[in-house]
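The structure appears below as structure tokens.
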Amino acid sequence: MDGENSCDAGLTLIQETSREQLEAIDQLQAEIKKRTTQMNTLHQRFAFLQIQTLLDTKKDDFIKKQIQHTCAQYTELNAASMLTEITRLRHHIILYKEVNPDEQVANWSALDLLRWVYKWKLQESLTNFVVTLRIFLTITVSTASCERSFSKLKLIKTYQRSTMSQERLSNLAILSIERDFNVDFNSVVEKFALIKSRRI
């Protein structure tokens with residue numbers, strides 16, 4: 001255009017690279033902040049599920065507050081029952097530690113605790129506690145697997161493949177996302193051959 005210099009036409013390679021790097025850093029910071037916030041929310045809601053906290057009788061007030069907060073979020077839980085169940089759980093774990101002194105109970109994760117409860121068939125006497133553990137263990141902190149699925153869709157449906165049907169796109173996406181499954185191709189070919197031979 002009239003009055004413009006050649007440097008106004010666009011960014012140089014170094015400027016473009018620098019801009020892209022800064023965008024990537026900004027996005028990384030935003031993701032870290034978002035996931036840290038989610039982790040803090042989970043910690044505020046479920047910190048009492050740590051085995052060290054559960055076994056520490058000095059933290060009863062903290063546990064009681066956290067249970068009330070958690071039960072307010074999840075209506076299927078009963079705060080009074082959960083407090084009783086935690087007392088019962090403490091007695092079970094103390095007895096277990098006496099019988100198995102070599103077991104490092106203090107290092108158990110929430111999943112280890114849940115497995116222990118099921119191993120000793122205590123789920124009936126600790127119903128609210130088991131539900132809380134299961135809720136905690138199924139909450140996803142990140143959406144990385146979902147984001148990967150959409151990234152795969154971008155790779156599958158490109159500009160050249162814009163006329164692909166929805167069913168084909170869905171099937172190709174499932175094949176791409178779930179590629180870790182082992183498929184016995186010989187049995188698939190045999191089944192396919194049987195189907196084709198019946199049609200003839």
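One-based numbering along the sequence shown.
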Residues, nucleotides or ligands: over 12 heavy atoms within 6.0 Å of [X] [atom1]:
{"X": "Glu167", "atom1": "CD", "result": "no"}
{"X": "Lys64", "atom1": "NZ", "result": "no"}
{"X": "Ile14", "atom1": "CD1", "result": "no"}
{"X": "Arg134", "atom1": "CZ", "result": "no"}

Under the rule for side-chain hydrogen bond (donor to acceptor under 3.5 Å, both in side chains), what residues qualify as partners of [X], not counting sequence neighbours?
{"X": "Gln27", "result": "none"}
{"X": "Gln15", "result": "Thr12"}
{"X": "Asp112", "result": "Ser109"}
{"X": "Ser165", "result": "none"}

Margin query: Show me the pairs that pass salt bridge (charged side-chain N to carboxylate O under 4.0 Å, His left out) and involve residues 75-92, at least two apart or across chains.
Written below: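 Salt bridge (charged side-chain N to carboxylate O under 4.0 Å, His left out) check on residues 75-92 returns Asp60-Arg90.
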Item checked: Pair listing, salt bridge (charged side-chain N to carboxylate O under 4.0 Å, His left out) test, anchored in residues 182-195, at least two apart ->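 Output for this query is empty, none listed.
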Notebook entry, point to check: What residue among Val131, Asn128, Thr127 forms side-chain contact (heavy atoms from CB on, under 4.5 Å) with Asn78?
Noted result: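 With Asn78 as partner, Val131, Asn128, Thr127 yield a single side-chain contact (heavy atoms from CB on, under 4.5 Å), made by Asn128.
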Margin query: Considering only residues two or more places apart or on different chains, which pairs with a residue in residues 117-126 satisfy side chain to side chain donor-acceptor pair (under 3.5 Å)?
Written below: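 Residue pairs with at least one partner in residues 117-126: there are none.
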Decide yes or no for [X] and [Y]: does some side-chain heavy atom of the first lie under 4.5 Å from some side-chain heavy atom of the second?
{"X": "Met164", "Y": "Leu172", "answer": "yes"}
{"X": "Thr87", "Y": "Leu83", "answer": "no"}
{"X": "Leu113", "Y": "Phe129", "answer": "yes"}
{"X": "Gln66", "Y": "Arg45", "answer": "no"}

Residue pair [X] / [Y]: nearest heavy atoms and the distance that separates them:
{"X": "Gln52", "Y": "Ala106", "value": "NE2-O, 2.7 Å"}
{"X": "Ile51", "Y": "Val105", "value": "CG2-O, 3.5 Å"}
{"X": "Cys71", "Y": "Leu77", "value": "SG-CB, 3.7 Å"}

Notebook entry, point to check: How many angstroms lie between atom CD of Gln104 and atom NZ of Lys97, to the nearest 0.5 angstrom?
Noted result: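 Taking CD in Gln104 and NZ in Lys97, the distance rounds to 9.5 Å.
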Notebook entry, point to check: Could you state the interatomic distance from CD1 (Ile135) to CD (Gln73), rounded to the nearest 0.5 Å?
Noted result: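 One finds 10.5 Å between CD1 of Ile135 and CD of Gln73.
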Next item on the list: Quick one: list whatever passes side chain to side chain contact (heavy atoms under 4.5 Å, CB included) with Ala110, sequence neighbours left out.
Entry: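 Applying side chain to side chain contact (heavy atoms under 4.5 Å, CB included) to Ala110 gives Leu133, Phe136, Leu137.
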Note to self: Restricting to side chain to side chain contact (heavy atoms under 4.5 Å, CB included), what partner residues turn up for Ser170, sequence neighbours left out?
What the structure shows: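 By the side chain to side chain contact (heavy atoms under 4.5 Å, CB included) rule, Ser170 matches Ile174.
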Check: Looking at residues at least two apart in the chain, or sitting in another chain, which of them share a salt bridge (Lys or Arg N to Asp or Glu O under 4.0 Å) with Glu103?
Finding: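 In terms of salt bridge (Lys or Arg N to Asp or Glu O under 4.0 Å), with neighbours along the sequence ignored, Glu103 is linked to no residue.
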Checklist line | Test side-chain contact (heavy atoms from CB on, under 4.5 Å) applied to Leu89 and Trp116, step by step | finding: CA-CA 11 Å; Leu89 177 70; Trp116 181 82; 3.9 Å; yes
Check: Between the main-chain N or O of Leu49 and the side-chain N or O of Thr53, is there a donor-acceptor pair closer than 3.5 Å?
Finding: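 Not at all, since once roles are kept as given, no pair shorter than 3.5 Å links the two residues.
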Note to self: Under a 3.5 Å distance rule, please check whether Asp56 uses its side chain to pair with a backbone N or O of Lys58 as donor and acceptor.
What the structure shows: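 Present.
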Notebook entry, point to check: Please, which pairs that meet ring pair (Phe, Tyr, Trp, His ring centres under 6.0 Å) have at least one residue in residues 47-78, sequence neighbours excluded?
Noted result: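 Non-adjacent pairs meeting ring pair (Phe, Tyr, Trp, His ring centres under 6.0 Å): zero.
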Notebook entry, point to check: In the hydrophobic clustering that connects Ile, Leu, Val, Met, Phe, Trp and Tyr at side-chain heavy-atom distances below 4.5 Å, which members other than Ile32 occupy its cluster, ordered by chain and number?
Noted result: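 Joined to Ile32, directly or through intermediates: Leu28.
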Next item on the list: Test side-chain contact (heavy atoms from CB on, under 4.5 Å) on Asp61 and Lys65 and set out the steps.
Entry: CA-CA 6 Å; Asp61 292 335; Lys65 263 202 280 189; 5.8 Å; no
Margin query: Please determine whether side-chain contact (heavy atoms from CB on, under 4.5 Å) holds for the pair Leu42 and Gln38, giving the CA-CA distance in whole Å, both sets of side-chain angles, and the decisive distance to 0.1 Å.
Written below: CA-CA 6 Å; Leu42 275 179; Gln38 290 172 335; 5.9 Å; no
Notebook entry, point to check: Taking the six-membered ring for Trp, are Tyr96 and Trp108 parallel (under 30°), tilted (30 to 60°) or perpendicular (over 60°)?
Noted result: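 Tilted: the ring planes of Tyr96 and Trp108 meet at 30° to 60°.
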